[in-house]
Structures are given as C-alpha cells and as structure tokens.
**Q** 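Pasting in a structure now, in structure tokens, and then I'll have a few things to ask.
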Amino acid sequence: MTSVSPTPTRKYDLSFARWVYENIDGGDRMAMCMQCGTCSGSCALNTQMDYGPRKLFMMIRAGMKDEVLTSNTIWNCVSCYNCVVRCPRKVPVAYILHDLATVAVREGYAQARTEETTKFAKAFIWSARTFGRTDERLVSVLFYFSEGISAGFKKLMAFKGIAFNFVKVGRLHIGLPHMIKKRGELKSIMAKAAEIEARHGGASGEK
Amino acid sequence: MVAPAGRSETMTRKYTFYPGCASQGTGAHLETSLRAVLPKIGVEFQDVGDWNCCGASIGHVQGGHLPTAALSARNLSHAAEAGPQDVVTHCPACYLNTHYVNETIRGNESFKKDMNEALQAGGRSYDGALHVRHFCEVLVNDIGMDAVKANVTKPLKGLKVAGYVGCQTLRPFAGTERGGQYDTYEQPKFLDAFIEVTGAEPIRDFKFKTSCCGGAVSAISPQKTLGLIEGILKDATEKGADAICTPCALCQTNVEIYQDMVNQKFGTNYKIPVVFYTQLWALSFGMDPKKDAAMHQCLTPTDKIVAAAK
Amino acid sequence: MTDQKPRSQTILVVGGGISGVTTALEAAEAGYEVVILEKAPTLGGRVAQLNRYFPKLCHPTCGLEINFQRIRKNPRVKVFTMATVAGVKGGRGDYTVTVKTTPRHVRPNCTACGDCAKACETRVPNPFDYNMGETTAAYLPHEMAFPMRYVVAPQVIGTPDADKIKASCKYDAIDLDEKEATFELGVGAIVWATGWQPYDANRISPYRYAHIKDVINNVEMERLASHNGPTHGRILRPSDGKEPKKVALIQCAGSRDYNHLAYCSRICCLASMKHAAYVREQYADATVDIYYIDIRAHDKLEAFYRKLKVDPQVTFIKSKPAEIKIGPDGGPVVCGENTLTRELYQTPYDLVVLATGMQPASAVDRPAMEVGMDDYGFVVPALDDDGVFAAGVASGPIDVSMSVQSATAAALKAIQAVSGAAR
Amino acid sequence: MSAAKSTGVYLCSGCGIGEAVTMGELEKVVTKEFKKPVKSHACLCGDEGLAVIKADIEAGTVNQVVVGACSPRTMTDRFRFPATQVLRSNLREQVAWSHPAGDEDTRMMAEDNLRMSLTEAAKSTLPEPKIDGEYSSVVMVVGGGTAGLTAAHEAAQAGHEVLLVERAAKLGGNAANWSKRMPHRPPYRAIQGNDIDTLIATVTADSRVKVKTGCTVAKTSGMPGKFAVEFSDGSGATVGAIVVATGWRPYDPTKLGHLGYGVSPDVVTNVQMEGMLSGGKVARKSDGKAPGVVAFVQCAGSRDPDHLPYCSSVCCGVSIKQALQLREADPKVMTYIIYEELRTPGVAEEFYRAAQEAGVIFMKGKVKSVDKALTVVVDDALLQQEVPLAGVDLVVLATGMVPNSTNIDAPTPELDEEKLRVLHNDVNPLSPIKVAGYAGEAPAPLPAPPDTLPEGAPILNLQYRQGPHLPMLADGFADSHYICFPYETRRTGIYTCGPVRRPMDMGETAEDATGAVMKAIQAIRNAGQGVALHPRAGDLSYPMINLNQCTKCRRCTVECPFGAIDENEASYPQVNETRCRRCGTCMGACPVRTISFANYSVDMLGSMIKAVNIPDEFDEKPRILILACENDAYPALDMAGISRQQYSAFVRIIPVRCLGSVSLLLISDALSVGFDGVMLMGCKPGDDYQCHFVKGSGISRERLSKVGETLKSMQLESARVTQVEASIADSARLPKLIDAFVAELDGFGPNPFKGF
C-alpha cells in the first residue's frame, strides 16, 4: 500500500474508490451510499459547496480523484453532524469529508494549500503541539498572517474591535500562552503516533 | 459509568472534568458560572491533570489522524488516574473528540493497540475503561431539574429566552446509547427545561434550536457563515427573545460577536445578548452577577437579564 | 405411511384484516372449521381504512363486502373480535390457545339501532380515522363494521354517560360490567395474520410531524380522501381546512433507513402515486411533487407510474428530503437536494404527506408463542415448524394482492396441517 | 323440497321500524293481499323473536320464511334455519332509517317492499344442488418448473392425486439452469442454494404425483370436477381442477441491438450468465478469458414501451446475485450495475445493501450504447454527464420475463374472431387517471398498448364456446384483474400461478403456486357438492334453460363472462354448471326469458316489479324502480340508511346479482306497469372495471344503449331509463343521485302508461 492515493486512468476505475474505502476513517461505509441526498440537503453550508457530500461520493466511485481533492466541499464542512445523524445508511459523512481534506493536504493539492481552513488548522495544530493548549490569540494571529504581512494586518484590523472587546472583558488574556506541564510527554506521544500512521501508509501531515 | 440511582439533594456526585481550551479564553464566563453553580446542584468536579487540547475538529487536517486522536488519548490517560468516575466535558468539540476517541479505543482493537503504542512513548497507557459524557446529558440523566429548581431564589420572571442548542452538543451522539439518549436531534427539549427552571420563559417554537452557527468556519471565514447566524438572530428577535441562551462556548461567541457584521451585511439591527444557561442559573440562584454569573464578560448588554433576577 | 387425523381439525387465524379473512375463507370454503381472532372491534383491518387500492383506484370495502358476505353465509367461520392470543401450548394438530378478550361492553344481541350513540354525550378520538376526528363514546366503528355491533369506549365507563348509554338500549345489549376475560381453544394449526401499523412519524424528527399540522402521514391521507372520513372525502389541510393546492408526497419516510425501518415497505411508492391521483381528481390547479429515492413500481404496476408521469402537474423529484422546516406561516417547507440537478430546494407546501412505512404488528406486540421471526419482527416460522404459518404483511412488507396470495397459500398449509394428509 | 311451500311472514317493529310505520297496516298487506300468516315482534332477531319463527318451523306449519326487518346483509346467521328458505324484506336501512317516520310515502314504501318480498317468495324455491355423477379430485398441473413442482407437491401434501404435465423432457423449468437463488428467507442478505433438484426428487418420489414429461395438453373440455383432458401422447385423463404454471421465457435479446447484443459475443443475457455460473466457469466467448470487469445493464427490454412495457421485477435482484457470485468467486472482479430505478422492494433492500457492502458499484443512468470494444456509454444521472465506461470485459443484459401464456413451440391455430375475443385487451392499463383538469396544457394520453394477439398454441386448448385460450390482460399475463381476489380469473377451476400470471421471483412463485392449489382444491370439493365458488360462494342455485323455448340466439353463450355455456351439436346452449359463477348474465341476455335459477328468474323479478302498487297519475306520487347490484350499490344504499341519510320514498329498490342479469324485458315491464323511471345501479365498467362478474355492468350498459329507440317508439323520454356507476363507497352520493333523478323525472311528467 502506498501513502498516496492512486489516480484512476478512466471513469469508474475503482482504484481511487477502493483506496478511499480502505484508508479513510469510515470510508468503508461510503460504499453503502444510495445517493438519496439527505446529507447534502442537511448540510449547513451546502450553498457554499461545489458538489456537496452526496455527489462527491458518487465522484469518488466514478474515480474523479482530482475533482474530489480540489473540491471546496471538503473544506466547507462546519461539523454540524446533521449528515451523520440523518444518513439512512449510517455513512459517517462529516468524518469522511474531514479525512478527505487531510488527504488533499497530504497529497499537496494546490486548492488545499490555499484553503483558509488549512491555514487555520496549521496554526491550530502548531499551538497544540507547542503548548499542549490552543491559544486562541496566537492561533488567530498566525492564521491572519498566513497570507502575508499586509493581508494579515488587514484581517487583524477587521477583527480588532472584537479582539479589543475580548481583552476588555477578560475573554482573551494577555501574557504568556497557557501551556501544559509535560510538554515533552505530549510531543513524544504525538511523534510516535505520526510514526505509526506513516508506518500504516498514511503520512502524518505536512511538515 | 456511574449509575444514577435515586436523586438525593444531599448527595454529591463526583465527576472528572475536562475543561478544554475555550474555558481559558473566549468561554471564560461559561467556566466561571459553571463552577459557581456546581456545588449548589450537588456536583463535584475533579479536573483532568495536566490536560491538553483535544485537537478540535480540524486539527487532523494538518496533524494527521492518529496524532490528533493521541491528544484526546493522553487526556483520557490522565483522567483515568483521577479514578473510575465518568469524565465530563462541557465544550461540544472537546466532547466530540474525547468521546469519539474513547469509543474508538473501546470498539477497535487495532486502534487501541496503535494508540497505546503511541501513549507508551510518553510513558502512558489507556484501556478505554472510562465513559466520556457531555455535562448537559449528565444534568438530564443524573441530576435532574428538581435539584436545580431547589436553588432558585430569584426567578427570572418575564424574561423570554430562545434556547439555542447548536450542533455538536447533540450531534452525533445524543441519540446513541453511550451518548446517553437524552434528547432528539431535531427538536431537543432539554435546554428549554434548563431555561424554564430559572423562571424565565423558553421560546419553545424557536426554529433554530439545532441550526448551525458555522462552528469553526465562522472563526476562519465568517463571510461564509453570516447567513447562518442571521437566521438564528432573526427568529429569536421575531419571537420576542430577550436573550439567546446556549450551552456551547463556540456558539455563544459566534452568535454574539458577529452581530455587527451581520447587521452590516444584511442591513439589520440586532443587539441581543447571548448567554450560557449556567449564567441564568447563577442569577436565579441569587448569586453575584459578576463574580458568579460573569455577566460582565458578555459583549452585548445584559442589563435586562440581570434586572430580571429579583 | 398412514394418514393420521390430528386431534383438532380447526384452523386458528390470528388477525381479521384482508389476509386473515382470506385465509379463513379459503380454508372454510374447502370444508374446514376456522376461528378468526381480531384485536379490533371489527374485521377488515387496515384495508377497511383505505379509500382506494392502487392501481385500479377501486374501493377496498367492495372486496370486503364480498368477503363479509362469504363469512355471513358460511357457518364454518367463527369470529371473535376484541380478542388476542395470550398463550399457546402444544404442537401441530393439537394446540391449546388461550384467548384474551377485552370488553366491548355491548352484547351480541345488539341490533346496531344506534340509540346508545344518540344518548351518549361524551366524545372520544375516533380510532378509525387515526384520531383525526371524534366519535361518540358509544359508536359503530364504521358503517360497514363486521360484526355490525356497537362499542362502548372504555373512557366512558364509570361516568354518568355510561348509565345513559345503558338506559337508552331497548334490547338490554349494554354490559357496563364486562371485564377482560380469557378462554381456551383447541386448534390444529395457527396462521399469524397480524398485519402492520404505520411507522410512528414522530420518530422521524427532521420531518416535524408533531410540530406542523399540515404534515400528515399516508394513512391519514387515506382517511381524508375517504367519503366516511373526517372531511367526508374532501382533501383539506388540517391546519385551516383549506384546499391544498401544492402538495408534497415524501417517500421512504422511515423506510430504507437504518435509523428507522431498514427494509423497503414496498407499497409506499404506489400508494403515493395513488395519493397524487386523489389530489388531481379533486383540484384542477393543484400540483403534486413526489420525492423519492427509487420508484419501486414493480411488475405491471409500472403502468400506473407511466400514467402519473405524463401529468404535467405531477412532478417526480429524486431526492430524500433532509428536513421539513416550519415556514413563516407555520406551514411546511420541504428542504433537500435534488440529486439529478444538484439543486438545493426549500419549497413551501400546503400539505405534506409522509409515506410512512409498514411496521409489522408482530414487531410491537410479539406473538405470544415460540415462532420464528426475522430481525425486523416479521413472522417467518422455521422450516420445520409445520403447524404455524404467517400470512400477509405479518410475513413481510407486501401489497394487498400479494397478501391475498400469501393468505391463500397459508390456508393450504394450514389445511395440510389439520388434515393429516401431509407426509 | 318435497313438501308444498308454506310461507310464514315475520315482521320486526324494532330499530325504529315500528315508529316509522304502523305494524298493523303492514300486517294487513300480508293477510289481506297475500293471505299469509303474519307475526310481529318488537325484536325479531332476539332470542324470543327467533323462537317464534323456530316454533312455527318445528311445528311444520312453515317451511319458507319472509322476514320483514333489517337488511339481508345483517343478522344473516340469526335468521338461518335448517332446510328453510329465508327471504328478507328490507324495512330498516332502506325504509325506516332513510325516510321520515309516520309519513304516508314511507308507509307505502314499506308496504311495497313487503309485496315484493312476498312475490319473490311465491316465485322462488330453496335451490337444491345439481350433483351429477362422478367428480374427479385429481389436480392437474401444467408446467414442471418451480411453480408447477411446488403446486404438485403442495396438492399431494393436501391429500390429492396430482397429474403433472411438462412440455420438456426434464422437470425443473428455467430454475434447472440456475446456479443459486436470491434469498427468500432470512438472512435476506445471503444468496441461497438452488433447491430445485430436491423439489424434483420429492415430487417424483411421491406416489400421489403422476408425472408426464415431454408432453403437452392437446385438448381440454368439461368443467371443474370433470375436466376431460387429452394429451399430445394420445393418452387422456379426467381431472378435477387445473393449475397452469407454464412460467416464462426470457425476452428475445436479438431485439436488443442498441444495447450491444450481437455486436460482440461478450454481450450476454442474464440467463446466459446464469448458465455460465451454474456451469462453474464464467468466460468470454471471444477469447475464453475470465472477465475482470463486468457491467450489468438493467431494464434490457423491460420498462420500455417498444419492448416490454412492464417491469420484470426480478432483474435487479438477479443482477445483484450474479454480481455477488462473481465477486465471491474472485474479489478482484469489478462489477457494475447500471440501473434506472433500483427495485429491491421489501426485505430485498437488504440484498441491495449486501451487494454495496461487497463492493458492487451501482450507477444510475440510461445506457446509450455498447460498442464492439464493450465501451458502455452511460448517461450518468447522478454525475450529470455522459460517462464512457471503458475496459469492460463482459456486458450482461438483464433481460426481462415474457409469460408463457401460450405454447410458442406449437403453431398458432386459425381461430374465428369470436374465439379470439378473450385475448383482446378488455382493459387498458394506460387509460388516463381521472383529473379535475390541468392548470396548463393537458398531456396527450399515453397510447394504448397494442392489441396484438400472442403467437403460439393455447396451453390447454379449451374446447369452450368462447375459445381455447385462457383470457389474458393487456401485456399477455394470464392474470386476474382483481386486487382482492388475485386468483379469480374467467375460467372457473383453472388457476394460473407463477410468472405466467405476473413477473415474480422463485420465492414468490412457490407461495403463489401454493395459493393456486388451495383454489384448485376448493374448486374440486365444491364442484362435487354443486356449490358455487367465489364470489357467490355457497350458492346452490344454477341456471336452468328451458330448451323448448330457446331460439338458439346464442346470446347466453357469447355473453357469459366465464365461458360456462357451450353449444351442443344442435346449437342449443349447454350449461356446464360447475364452471358457472351464478351471476345470471345469461338470464339477462336471454330475449325469451327461458333461463332461470330456482330462486332468481326474470319471471320472479318481473312479478316483483308488478307487485308494486302504482298510484295513479293524479296522485303526484311517481314510482322509480332501482335495480341495484347486490354487492356494491345495495350495500351503499344500506349504509346511507345506517348514516341516516334521507332520499326520496318514491323509489323501489330490488337487489340484483349483477346488472348483467337484468333483462331489458324487465325495463319494459316496469315502464308498462307505470313506473316513471328506471335506474340501474352497477359497478364501474370498462378500464379498471370493478364488476365482480367481470363484464356484467359493461354488458348492461351496452344493452341499455339500445333501449332508447324502444322508448322513443313508446313515446317515452330516453332519460327515463338510466344506468349509474355506483361504488360501495357511494353512500353519500347515491341519495343525491336518486333525488336528482326523481326531480328530473318530475320534469317529464308522469309515465303515460300509468293505469293501463
């Protein structure tokens, strides 16, 4: 097994679909999809999505790997889990979208790299790795500046009112980041986990 | 699993508590008010030692699946040290991750093995013996509203409140056996009960009880989700709500802080306070509006709510 | 091998709907003694509550009338209403069945003159109309009830109205003191024909059946369209009694769904097309949208589908609606994704009918005996169980015609069991 | 009945009858006009009331009872006395409950009802069954596939001798070719073994079953209990009832060129695929290689107006089964099922899910073409684009089922039009539904299915006046048109089952065959006792023809919906009693009143009509005769009474077995004695007919269309006679129809023949 998903040579070549079934958390249940549309119809941000989960699943079956991994559908999941609880075939739709996003990042799809969610996640996981905690302040700033200094300042300014208010009422603290005591322990565990995942074929995210 | 036998007002129930990162920041007022009301309703929390971030729902996009799950596994491993009692969280995202990782460890042997191998690298282990629960479910299934009602000395008479549950508090686990089966996904009643117990009037036909506020996407790209927030504000306002009440820190923040942006985009004029049910409880218990209810940490005026507690 | 006559040659049929009645009559008309036990006060079951059958759009009561006449004329058929099986002992050819009866409070000498209903002031929800309307507490279940006998609702017992009911009867047919009772029957074979009940639409919470008055289920639609229903056959929306001009029919409401009924209920597609025909027959400018996953118009029923498809005011939309929201006026707004166009819709309707599936009654009230059942609660006797059989929807989700077929087959199996001819 | 008829009349004053009319006046009609003894009781159906009647019967003073009380549809079991004819006069539902109490017109109606019943009593006798010689209890089963073998086995298990006839040299039918079968019992997700060999072994080992293979039926004559059958091998047999289980054949794939059949040898049918699976080797014809990618094309011919308009029901399940088998044998094989609507109804949904779980890929769309390279171009409905499915090694066309309602291996016989009539479409399943109108433009109605007659020889070659074929529905299935009575066809004692009746799978076929045997056994047992079958089950009367008066007009033999009457060598009608369903259509057809039943005749009905007192034209009391179908219109009128709806008391209602039994002579009788109008109430005729005797109401409508001229010649308005469609659910509508008709007649003024 390779860590990279196979690229189908023709329509309904199942190589990609099978890879998804086997390598994506809950992917095996995707085979049960009967294309009823409940997930897409239930989706909070369906209007922002190019395909919606239902059609995306059909495209996976059809082997449309590039279209799937460059789709904005996988980035617009707000994790409301309506799709998961309503799916008549118990397909864990949201989980699958999350994992597909991971795959898109891992396989270097350009769309994935420019997604705001990716950048936010990058900042987020940096904070978790470094401090063991999410420092909302640092995560936000990192995220704002992920597109460069000037864009960052612009964004920062847009949120400055909110940030100022937060600070004023004590919902954004000033000072050193919160952090856990045993940061070494956490780092070792996460490093080991990444190693195990790589061993199984999935890489452990962008370095 | 602590079996809720009889309900006794004198009995104190002990749980291991996982606060989550928001409790240290944007959700500080939830943390304050929650901690304030706990002793009154007979609940004692012991925090997970040296807890870390749960990874939330998007962490794995960058972190990978197993490493992200390892965050929760480490917390569970520390929670197990606190004893066999149930682990409780209040943040839906924390609950989702921690519960999910816990259930996966319980149900998937190879995952359990991998995870323990990773934990071992930090000198830790976890066997899946705990039960991770959302505090709202605990309130419904273990505590009951009678225990809350007994403390109400200043009922919030005349206050109309829209109970906004949001997504992840319920979904996708509230209807499952290990999720406590405490309410329905579409027409939940528990939050209305939490509101009603204070003497306030819950808006039962509030249509957006379980609509999405945009979650993390609101924090990232609010322009995508302002429409979702507008719907919540609109129906609450139209139904005469004096406040929106929620159990979720992210919901509270999203619905509260984007009101200006919503107004700008939709030409509206919303200015409606968004509070936690624990804040309403603290007020109705006659506790200090600032020290206990942390009302000052809300970003929209809450005078009317505070004034209602008489 | 010699033919050994079993101890009892009587066949017990549990359930007096179309399947039970068919099994009983087919066996009786071949010369066998049959006992029918029916839980309700009248025979006829679910089909008596239907307005018409697909695809002929004929009235189910027409066939019931023939069957009731056949029972009336056939002394070999014994009918016990308000009776259920409480226990079964023994084996093929020699069962002892304990029958439990609930009080009707009306004796067999009732002439159905109706004086008790006139005397009674208390009104109770009408079970025949799925509680959509009311009836007097002393009531004839419906105008074709068999047996043609009144019932006194338990709600009224112990109230002054009960005494009025009793006093009104010229024939001393009211028995207010009647209690639950049991008796035993010796039979040689048992056929379960306990039928189905509509899946509880309240459990499909995204569809807000309990919260939106104009969201009804398919069996309620049948009552609305029936001449003897709560609206005398006019399809009117429950909220305000107005004529619905835009109607949605939602398939698989509870069926084909792991959260509800995992199987396909088979009849709903056709039943909904029939409902579209009801609406189109009544209102010239009405439009009907049928939401579906797959249209299962099997065998010759395909013709009915083709007929409906050419109607420009009937639209088939391939989509399982995700939810029904409450519109600004409190009416239903059906939301979801059209899977053939990828369009997201939020369409308001005057009336939404949920095609709720068939849940076997045996899944809810388990048979009071050891009998094979599948995971869904349908009765599937073990292959070596040669004295107990299932007929109609008790055996699986099937339509009326197939139920009659199944019931006729069950009659033969029962005959084999009691005649001792099988080897 | 040997003893002379002595009639006792018993009137009930209960349930409001006594309040509506004065019992004394009713009694006077009985005693003064009919000179019969009469007794009234306040509750005749009660034990005391019944005791009064029983006492008279036991004392021997009464052997025919007229009960003037509630509708004949109620209290049937109470008013049943051994060896005693009971006639019921409906004074409750259709008089007291639907007309004002104490009113003169209500009284006159009650009196007339009593007069009619007493006349009926005078003109009828308790029927005695016709039992004539020996009756066979052998069940003949035609067809030795799943349906036939099951039928043979089940009939034997019920204690009957069986004669199983199979056209082929071997038993087993199509199923003999099957590798495995779809699940029909739990677990519904698992393919099950083909147990046809076990069934064949069981049947052939059963001493009660006689098997004839390589044999067809040459000729069938006679009737239930006495069918005389000749076989192709020259032998003959007498059998009691017949089960036709001739099954199906696959649709001719050479007509499916557009789906690639014939383009490449690697495009095969599902039947050919099944052959490969049961042979244990699935290989391409072109190169003998095992296919790695297999595409199943659903609805190959089915659901297509140019081929088979119906859905063949089983093909989705069959393709799923075959795909699962391929993947079980080699998990690397890729299988696609290209469908338009996936039809796995009922618990078969689980089978669909099993296939999904096993990695079978489902594509929704229409196949546009299949080329030589086996590129299947699919108009993919869910991807919303045209998808060329390339790299396919084998294409399987899921061809549908064609019913074997004829023997296509034998030549089509030359038959005259009259004998082919049963094969013409008498219903159009595509006739438009009734709509209130269209907001925009109405669509063109779907073209009716072509009225093509099936090729091949008749299966049973019935030596019936109405031809050798079993009647078929539009698409060639020898099925019933009834939903509640799927076994009731137009040839009594002959029951079809399995796919010759309706497309169905093996599980359902076995059940269907069991049901058909039930009916066959019932036919046998009732034939031997002279008892009628459904819907007049238990009726002992039968048509008797007075040949002395017969004009050989042949109307009875042509119109009998069940082909029960043949013509003998002298062209006289000859009734085959056990084929007869007792509807009386023959009686209605006969222009010279020569056909009658012991308890039902033109004379009886005519006399009842004449028994009604017709007030003279100055009384302003018109009289309208209603002849109502006893199964639908009459109960609906009862139910109007039960719900206390009121309608004109000027009508006089007579229940008839079927409108088909209404002779035009009765209408002229009614008009000539002064009735102002006649209303026939019967079931819906035509497409989706609802008449229980198939054609009765349709025949009546046709007869009536000719009555206008007669009326004109009598100087009467043709609208004085009308036929209305009445369903059993019309209890609210019929009172309105009646009142409207009475008002319409009022406009014509009184019948000028009054008083003649």
Side-chain angles (χ1 to χ4, degrees), chain A residues 1 6-24 26-41 43 46 49-71 73 87-93 96, chain D residues 189 292-297 316 320 323-324 326-327 331-345 348-365 367-368 373-393 395:
Chain A
M1 197 183 293
T7 304
T9 51
R10 54 170 193 264
K11 282 279 166 68
Y12 284 97
D13 163 345
L14 285 193
S15 54
F16 180 60
R18 282 193 185 146
W19 185 89
V20 169
Y21 293 172
E22 284 157 17
N23 291 278
I24 294 280
D28 52 338
R29 289 217 54 91
M30 201 199 319
M32 303 305 293
C33 170
M34 61 174 166
Q35 293 285 303
C36 68
T38 301
C39 49
S40 296
C43 183
N46 51 17
M49 292 178 173
D50 42 11
Y51 305 121
R54 193 241 350 131
K55 190 167 181 187
L56 197 77
F57 289 178
M58 200 63 215
M59 289 161 61
I60 290 172
R61 277 186 206 171
M64 298 159 75
K65 174 182 165 183
D66 290 347
E67 290 91 331
V68 168
L69 294 181
T70 55
S71 156
T73 297
C87 176
R89 288 290 181 82
K90 287 202 187 293
V91 179
V93 182
I96 294 173
Chain D
R189 52 175 36 247
V293 180
V294 181
F296 292 86
V297 178
C316 283
I320 286 172
L324 277 171
L326 290 173
R327 287 189 57 77
K332 288 200 292 296
V333 173
M334 298 218 291
T335 50
Y336 299 94
I337 293 181
I338 305 158
Y339 69 95
E340 285 175 65
E341 307 285 349
L342 200 87
R343 292 189 173 161
T344 48
E349 182 72 5
E350 207 167 307
F351 199 41
Y352 172 28
R353 288 194 294 254
Q356 286 183 306
E357 223 157 79
V360 177
I361 302 294
F362 291 84
M363 291 170 71
K364 181 178 163 72
V367 171
K368 296 187 80 177
L374 297 193
T375 300
V376 181
V377 180
V378 184
D379 204 350
D380 194 314
L382 296 165
L383 292 180
Q384 298 165 269
Q385 54 181 259
E386 203 173 283
V387 173
L389 195 62
V392 176
D393 299 320
V395 173

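Residue numbering restarts at 1 for every chain, and letters A, B, ... go by the order of the sequence lines. Given the structure is predicted, the values throughout are model-derived calculations rather than measurements.
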**Q** Please look at Ile361(D) and chain A and tell me whether the side chain, the backbone, both or neither of the residue comes under 4.5 angstrom of a heavy atom of that chain.
**A** side chain

**Q** Locate the shortest heavy-atom distance separating Gln385(D) from Lys11(A); write the atom from each residue and the value.
**A**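 Shortest heavy-atom contact: OE1-NZ, 2.6 Å.
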
**Q** Where the side chain of Thr73(A) meets the backbone of Tyr51(A), is there a donor-acceptor pair that is under 3.5 Å apart?
**A**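 Side chain of Thr73(A) to backbone of Tyr51(A): a pair is present.
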
**Q** Under a 4.5 Å heavy-atom cut-off, does chain D meet the side chain of Met64(A), its backbone, both or neither?
**A** side chain

**Q** Suppose a student defines contact as a heavy atom less than 4.5 Å from any heavy atom of chain A. Which residues in residues 351-358 of chain D would they list?
**A** Tyr352(D), Arg353(D), Gln356(D), Glu357(D)

**Q** Are any side-chain N or O atoms of Arg327(D) and backbone N or O atoms of Val333(D), one a donor and one an acceptor, separated by less than 3.5 Å?
**A**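 It does hold such a pair.
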
**Q** For Ile96(A) and Gly26(A), which heavy atoms make the closest approach, and how far apart are they?
**A** CD1-O, 3.5 Å

**Q** Between Gln35(A), Arg61(A), Arg29(A), which residue shows the highest count of heavy-atom pairs closer than 4.5 Å to chain D?
**A** Gln35(A)

**Q** Name, in order of residue number, those residues of residues 334-342 of chain D that have a heavy atom at a distance of less than 4.5 Å from a heavy atom in chain A; otherwise write 'none'.
**A**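 Against chain A, the residues of residues 334-342 of chain D that fall inside the cut-off (heavy atoms, under 4.5 Å) are Met334(D), Tyr336(D).
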
**Q** Of the listed residues (Leu382(D), Val293(D), Val387(D)), which shares the most heavy-atom pairs with chain A below a 4.5 Å separation?
**A** Leu382(D)

**Q** Search all heavy atoms of Ser40(A) against all heavy atoms of Arg54(A) and return the closest pair with its distance.
**A** OG-N, 3.1 Å

**Q** Under 4.5 Å heavy-atom distance to chain D, tell me which part of Asp28(A) shows up: side chain, backbone, both or neither.
**A** neither

**Q** With a 4.5 angstrom heavy-atom cut-off, could you sort out which part of Tyr21(A) is near chain D: side chain, backbone, both or neither?
**A** side chain

**Q** Verify, without hydrogens or angle tests, whether Asp393(D) (side chain) and Gly292(D) (backbone) share a donor-acceptor contact under 3.5 angstrom.
**A** yes

**Q** Just so I know, are the side chains of Gln384(D) and Lys55(A) near enough to count as touching, which here means a heavy-atom distance under 4.5 Å?
**A**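 Yes. Closest side-chain heavy atoms under 4.5 Å.
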
**Q** Run Val91(A) and Cys39(A) through side-chain contact (heavy atoms from CB on, under 4.5 Å) and show every step you take.
**A** CA-CA 9 Å; Val91(A) 179; Cys39(A) 49; over 6 Å; no

**Q** Mind listing the closest non-hydrogen atom pair of Gly41(A) and Asn46(A) along with its distance?
**A**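 For Gly41(A) versus Asn46(A), the nearest heavy atoms are O-ND2, 4.0 Å.
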
**Q** How far apart are the closest heavy atoms of Gly63(A) and Pro8(A), and which atoms are they?
**A** O-CG, 3.1 Å

**Q** Are the side chains of Pro88(A) and Met34(A) in contact, using a 4.5 Å heavy-atom criterion?
**A** yes

**Q** For residues Ala17(A) and Ile60(A), report the shortest heavy-atom separation together with the two atoms involved.
**A** CB-O, 3.5 Å

